[in-house]
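Position 1 is the first residue of the sequence; numbering continues from there. Remember, it's 1-based here, ligands and their atoms both numbered in the order they're listed.
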Amino acid sequence: MQINVLKFGGTSMADHKTWKKVLEIIKNYEWPVVVVSATARTTRQLVKAAQLAASGDLEGAFEISESIKQRHQDIVDNFLQENPHAKNDLIRESCFKNMDAKIGKLNKLLTYTSRQGKLSPQMKDAISAMGEQISSYLLAQCGLSLGMMTQHIEARRLIKTDNEYGKANPNKMLISQHCGSLETVLENGFTPIIGGFYGEAPDKTITTLGFEGSDYSASLIGGAVGAETIEIWTDVSGVYTGDPRFIPEAKPLAEISYFDATEMAYFGAKVLHPSTLKPAQERNIPVYVKNMFKPEDAGTKIVREADHDLPVLALSFKQNMSLLTVSAHETLMGFSFLPKVFSVLESYRLPVDAVNTTEASVTIAISDDVILDQLSKDFIEIGSVSIERGKGLLTLIGCSVQTASNFRNLLLEPLSDLNIDMISFTKEKRIFNLVIDDEELLPSAQKIHRTLFS
Ligand code: ADP
Ligand code: ASP
Ligand code: MG
């Protein structure tokens, strides 16, 4: 059985018209397993509702939950109206019953949060996973009205994780065991529809895989069932040389490697969750990024080794960064300094985006976070700390040695009127990083893209 795992994101799930497109795409596959995000904006609204509840504004939180309910009911109503089927009354009834139950549960979680007066990570996950729980059930029901054999499968039965709420780590062995049941569902003629983004901890509480986590759910399932392809269906025709929202002349790449795609995602390209490629790479499953609005476009194929000889592959950027410099106390100079710095970072599980060291200091580019102040307190024992906020990180992926060597003309010339805070290049991984002022990030990315890609 050659399974194709198809993932549809928030923009694909926006309204009844896109739901129809999603279902039409699914029809083209013999053995599809489908993973869906929440409808557009829902996850953010859920998080907002949770925060309002925690701050005591339960009424504001309920308003949001009501608007989420209304939006989904409208999608279902419009869908069923445009796609007449003898069973539509039954389908509508089951959709609305399910919605009522889910929104009832959501309101209970919000009430609990407001009583607590704070939002625990566990509660935040339970609330924010509600969007995928709702969308996956409703889409499966709407499939029935097109005469498809779509079947909702609860993601908690498949995606088993630890209990690190907000960024849970999958238990691949358990996921493999549980995903075996998908083959039976397919053999019986049904198409499984699964909510992405969330899973279940050993104590049965809901966990989430981090923002954009539905991509990761899809690749975990794809890895577990040994899929033929994992396909990320979104609103652009693949992975581009730069974020097409900000760099209009960016072009889709025909083929890239797992490594380069992971680096792009890690350094800010939102098109994929940074962990997506891992499960695919482990089993050498090709990952396609395709445009659901232009299915005829080739999209991008992500494979072990991509065939190209470009001077630079793509450009990513990350806003809201800070530069944190720790200068060692004299007593701590030498070998123990760097391990101490990194063990503090480890205790907060903070990923470092770029780093530069001198004999007795280290400068780290790190996502701007509320934790920074706390972090600098922890560094006090090791050295003196300075923090510069308002920075941005610009990264060239797949940057050849020639491009890096010619960086005066290719990179610094377009940026000649700029302050550069940090530069790094690694030949082995072909990553070129520049840290500059955040407000200069976008115009600089556009200029560099123009110089390198036109
Ligand atoms: P989905 O809702 O399908 O998960 P996302 O919004 O998460 O979609 O990801 C798709 C978006 O990623 C695109 O609309 C695009 O603006 C953004 N993006 C950022 N960098 C890139 C890139 N290098 N290539 C393609 N898209 C990118
Ligand atoms: N809905 C979740 C989010 O917005 C997961 C996803 O869309 O991938 O982060
Ligand atoms: Mg996404």
query: For ligand 1, which atoms sit closer than 4.0 Å to a heavy atom of Lys7?
result: 4 (O)

message: Under 4.0 Å from a heavy atom of Met264: which atoms of ligand 1 are those, numbered in the order shown and with their elements?
response: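 Heavy-atom distances to Met264 below 4.0 Å select 23 (N).
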
Cationic tip of [X] within the cone over [Y]'s six-membered ring, i.e. under 6.0 Å and within 45° of the normal?
X	Y	answer
Lys318	Tyr266	yes
Arg450	Phe453	no
Lys429	Phe259	yes

query: Any nitrogen or oxygen of Gly10, main chain or side chain, under 3.5 Å from a nitrogen or oxygen of ligand 1?
result: yes

query: Is a side-chain donor-acceptor pair under 3.5 Å present for Gln45 with Arg71?
result: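 Yes, side-chain donor-acceptor contact under 3.5 Å.
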
message: Any donor-acceptor pair under 3.5 Å linking the side-chain atoms of Asp203 with those of Thr205?
response: yes

- prompt: In the protein, what heavy atom is nearest to atom 6 (O) of ligand 1, and what distance, to one decimal place, separates them?
  reply: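 It is Lys270 NZ, 2.5 Å.
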
field: Ala314 touching ligand 1 at heavy-atom level, < 4.0 angstrom
entry: no

- request: Return yes or no for this condition: an N or O of Asp215 is under 3.5 Å from an N or O of ligand 2.
  value: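 Between Asp215 and ligand 2 (N or O atoms, distance only) the closest approach is not under 3.5 Å.
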
- prompt: For atom 25 (C) of ligand 1, which of Gly238, Ser237, Gly196 has the closest heavy atom?
  reply: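 Considering heavy atoms of Gly238, Ser237, Gly196, the nearest to atom 25 (C) of ligand 1 sits in Gly238.
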
Geometric class of the Phe211/Phe197 ring pair [parallel <30°, tilted 30-60°, perpendicular >60°]: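 Parallel.
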
- request: Give the contacting part of Ser214 toward ligand 1: side chain, backbone, both or neither, where contact means a heavy-atom distance below 4.0 Å.
  value: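 No part of Ser214 is near ligand 1 at this cut-off.
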
